[in-house]
There are 2 protein chains.
Amino acid sequence: MSLKFGILGLLSDKDLTGYALKKEFDQSISHLWTASQSQIYRELNTLEKNELIFSRIEEQPDRPDKKIYTITPVGRTAFQEWLEAFPENLSSAKRDTFMLHMLFGSALPEETIRYQLHRFIEQKKAYLKLIEGVDLEAYYNDASRKELLDKRYMRFTLKRALMSLETLIEWAEWCLEEMKEDVK
Amino acid sequence: MSLKFGILGLLSDKDLTGYALKKEFDQSISHLWTASQSQIYRELNTLEKNELIFSRIEEQPDRPDKKIYTITPVGRTAFQEWLEAFPENLSSAKRDTFMLHMLFGSALPEETIRYQLHRFIEQKKAYLKLIEGVDLEAYYNDASRKELLDKRYMRFTLKRALMSLETLIEWAEWCLEEMKEDVK
DNA sequence: GGAGACATGTAAGTGGTTACATGATTCC
DNA sequence: GGAATCATGTAACCACTTACATGTCTCC
């Protein structure tokens with residue numbers, strides 16, 4: 001439901017190809033929304049059918065042709081309407097495979113859990129580095145960007161990702177401590 | 001993919017009806033996995049067809065008949081195999097509608113964002129109270145429970161939910177502070 | 001009389017994943 | 001020679017949501 005509006009939101013800042021949209025999703029907003037390439041292309045087709053966006057083909061001599069999408073006035077209105085209507089329930093559905101494994105952890109040797117917690121910490125630390133490395137200045141100095149995605153709100157979303165990651169690392173370290181102490 | 005194993009995991013502790021499974025999901029593990037009622041009934045049918053579980057009907061004179069599901073040895077093996085195979089990537093796909101709204105916040109009046117952040121804080125605080133109120137002792141004193149869901153690991157998952165909620169509240173308060181200061 | 005708990009399910013539609021398919025260029 | 005980047009898409013399948021449908025009992 002919301003992928004549609006994620007795409008419209010990005011297109012309301014500037015025109016993009018499907019390929020470039022995928023990159024925006026991966027690089028700029030993967031900490032709050034993920035989308036696969038085939039999902040994006042499928043959604044673009046639907047949006048064009050419904051006249052919320054339109055496309056033009058840009059031929060490139062050496063590379064495959066580009067199909068560049070632009071948002072229509074109708075698209076802008078639809079996006080604005082969605083934007084104003086915040087969901088009642090502000091938390092999203094949870095489906096965490098790692099935590100499901102953890103929950104049933106007693107059917108596994110403690111060693112396995114410890115090992116997985118260490119992996120967890122490593123992965124979160126790597127992701128933390130990535131988020132800390134995001135250069136907002138450079139991102140917003142991109143001349144093509146009309147700054148509809150306000151720097152402040154982008155900063156807010158990054159801050160949340162950062163704080164959450166730090167907490168997750170703390171949590172996993174707390175678990176490891178607990179497993180040391182209560183030798184059962 | 002994992003709902004299947006969530007159900008098998010719960011059934012490896014004790015026999016349950018579809019209705020009771022839904023309650024377990026909502027009450028005990030909603031902080032790490034959510035599932036709708038229709039999803040559970042559909043999955044139970046599939047699991048029974050594949051002989052990972054079987055059912056017996058218990059007639060009740062005054063209420064609708066119960067269909068009680070039991071895990072088979074094959075089911076136990078399948079569950080154990082899944083349990084041992086942790087996913088490579090330990091973070092789950094992100095799809096956070098609230099954060100998507102936030103990201104495009106500059107197309108909304110600041111008042112709206114402030115209001116939504118306050119709502120966010122309220123909701124998280126309410127959820128926090130709920131998690132803090134979970135009585136593990138009572139849960140594990142339920143005579144029918146075979147304690148396959150080890151108290152320790154349940155405690156770990158609750159701790160994570162708790163820490164994460166506290167961080168989210170802190171984050172939203174930080175955002176509100178930021179919005180006070182840089183009067184632009 | 002109405003709401004909510006108990007108990008089961010089906011149907012239709014939307015959303016998402018995985019795998020396949022093509023093809024040039026650039027960099028190592 | 002091989003991997004990565006640029007660039008597009010299709011097909012099949014699986015997961016999830018929402019709405020519908022039925023019926024009793026208990027408590028207020």
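By convention in this document, chain letters (A, B, ...) are assigned in the order of the sequence lines, proteins followed by strands, and residues within each chain are numbered from 1. What you see below is based on every heavy atom in this structure, not just the backbone, and it leaves out hydrogens, waters and symmetry mates.
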Next item on the list: Give the intermediate values and the outcome of salt bridge (Lys or Arg N to Asp or Glu O under 4.0 Å) for residues A/Glu59 and A/Lys66.
Entry: CA-CA 6 Å; A/Glu59 283 175 37; A/Lys66 275 183 178 176; over 6 Å; no

Margin query: What's the closest nucleotide to the side chain of B/Asn45 if the choices are D/dT17, C/dT10, D/dT5?
Written below: C/dT10

Margin query: Without decimals, in angstroms, what is the distance between A/Tyr41 OH and C/dG15 P?
Written below: 20 Å

Notebook entry, point to check: Roughly how far, to the nearest 0.5 Å, is CZ of A/Phe156 from CE of B/Met179?
Noted result: 5.5 Å

Notebook entry, point to check: Tell me: CD1 of B/Ile7 to C1' of D/dA15, nearest whole Å?
Noted result: 12 Å

Notebook entry, point to check: Parallel, tilted or perpendicular: which describes the rings of B/Phe120 and B/Phe98, with under 30° parallel and over 60° perpendicular?
Noted result: parallel

Next item on the list: Please work out if B/Lys4 contacts a base, only the sugar-phosphate, or nothing of the nucleic acid, heavy-atom cut-off 4.0 Å.
Entry: nothing

Check: Once you round it to whole Å, what is the distance between P of D/dT22 and NZ of B/Lys67?
Finding: 20 Å

Notebook entry, point to check: Which residue lies toward the 5' end of DNA chain C, B/Tyr69 or B/Arg95, if each is placed at its nearest nucleotide?
Noted result: B/Tyr69

Margin query: It should be established whether B/Gln37 places a side-chain nitrogen or oxygen under 4.0 Å from OP1 or OP2 of nucleotide C/dT8.
Written below: no

Check: Roughly, in whole Å, what's the span from CD in B/Gln39 to P in C/dT10?
Finding: 15 Å

Check: Under a single-linkage definition using a 4.5 Å side-chain heavy-atom cutoff for Ile, Leu, Val, Met, Phe, Trp and Tyr, are B/Leu90 and B/Met163 assigned to the same hydrophobic cluster?
Finding: yes

Check: Using rotation axes that map the C1' atoms of four end pairs onto the next four (five pairs an end), what angle separates the end axes of the helix from C/dG1-D/dC28 to C/dC28-D/dG1, to 10°?
Finding: 50°

Next item on the list: Figure out the CD/P separation between A/Glu58 and D/dA7, and round it to whole Å.
Entry: 9 Å

Note to self: Base, sugar-phosphate or nothing for A/Glu43? Non-hydrogen atoms, less than 4.0 Å.
What the structure shows: nothing

Notebook entry, point to check: Would B/Arg56 and B/Asp65 satisfy salt bridge (Lys or Arg N to Asp or Glu O under 4.0 Å), going step by step from the backbone distance to the final call?
Noted result: CA-CA 10 Å; B/Arg56 72 196 132 94; B/Asp65 293 351; over 6 Å; no

Check: Without hydrogens or angle criteria, can the side chains of A/Glu43 and A/Gln39 be said to hold a donor-acceptor pair below 3.5 Å?
Finding: no

Note to self: Within the 3.5 Å criterion, strictly below it, is a donor on A/Glu48 or A/Ser55 matched to an acceptor on the partner's side chain?
What the structure shows: yes

Next item on the list: Quick one: list whatever passes side chain to side chain donor-acceptor pair (under 3.5 Å) with B/Arg42, sequence neighbours left out.
Entry: none

Check: What is the distance from NZ of A/Lys94 to P of D/dT17, rounded to the nearest Å?
Finding: 12 Å

Next item on the list: Give a yes/no answer on whether the side chain of A/Lys23 brings an N or O atom under 4.0 Å of OP1 or OP2 in D/dC6.
Entry: yes

Next item on the list: Starting from the C-alpha separation in whole Å, work towards a yes-or-no answer on salt bridge (Lys or Arg N to Asp or Glu O under 4.0 Å) for A/Glu132 and A/Lys129.
Entry: CA-CA 5 Å; A/Glu132 282 172 337; A/Lys129 250 191 192 166; over 6 Å; no

Check: Among residues 81-90 of chain B, which contact DNA chain C at a heavy-atom distance under 4.0 Å?
Finding: none

Notebook entry, point to check: Can you check the B/Glu48 CD to C/dG9 C1' distance for me, whole Å?
Noted result: 14 Å

Check: Hey, what's the ring geometry for B/Phe79 with A/Phe104, parallel, tilted or perpendicular (30° and 60° as the breaks)?
Finding: perpendicular

Margin query: For C/dC6 and B/Tyr19 - does any side-chain N or O of the residue sit under 4.0 Å from the phosphate oxygens OP1/OP2?
Written below: yes

Margin query: Between C1' on C/dC6 and CD1 on B/Ile40, what's the gap in Å once rounded to a whole number?
Written below: 15 Å

Check: Does A/Arg42 make a side-chain N or O approach to OP1 or OP2 of D/dT8 shorter than 4.0 Å?
Finding: no

Note to self: Classify A/Ser38 by what it touches in the nucleic acid, base, sugar-phosphate, or nothing, heavy-atom distance under 4.0 Å.
What the structure shows: base

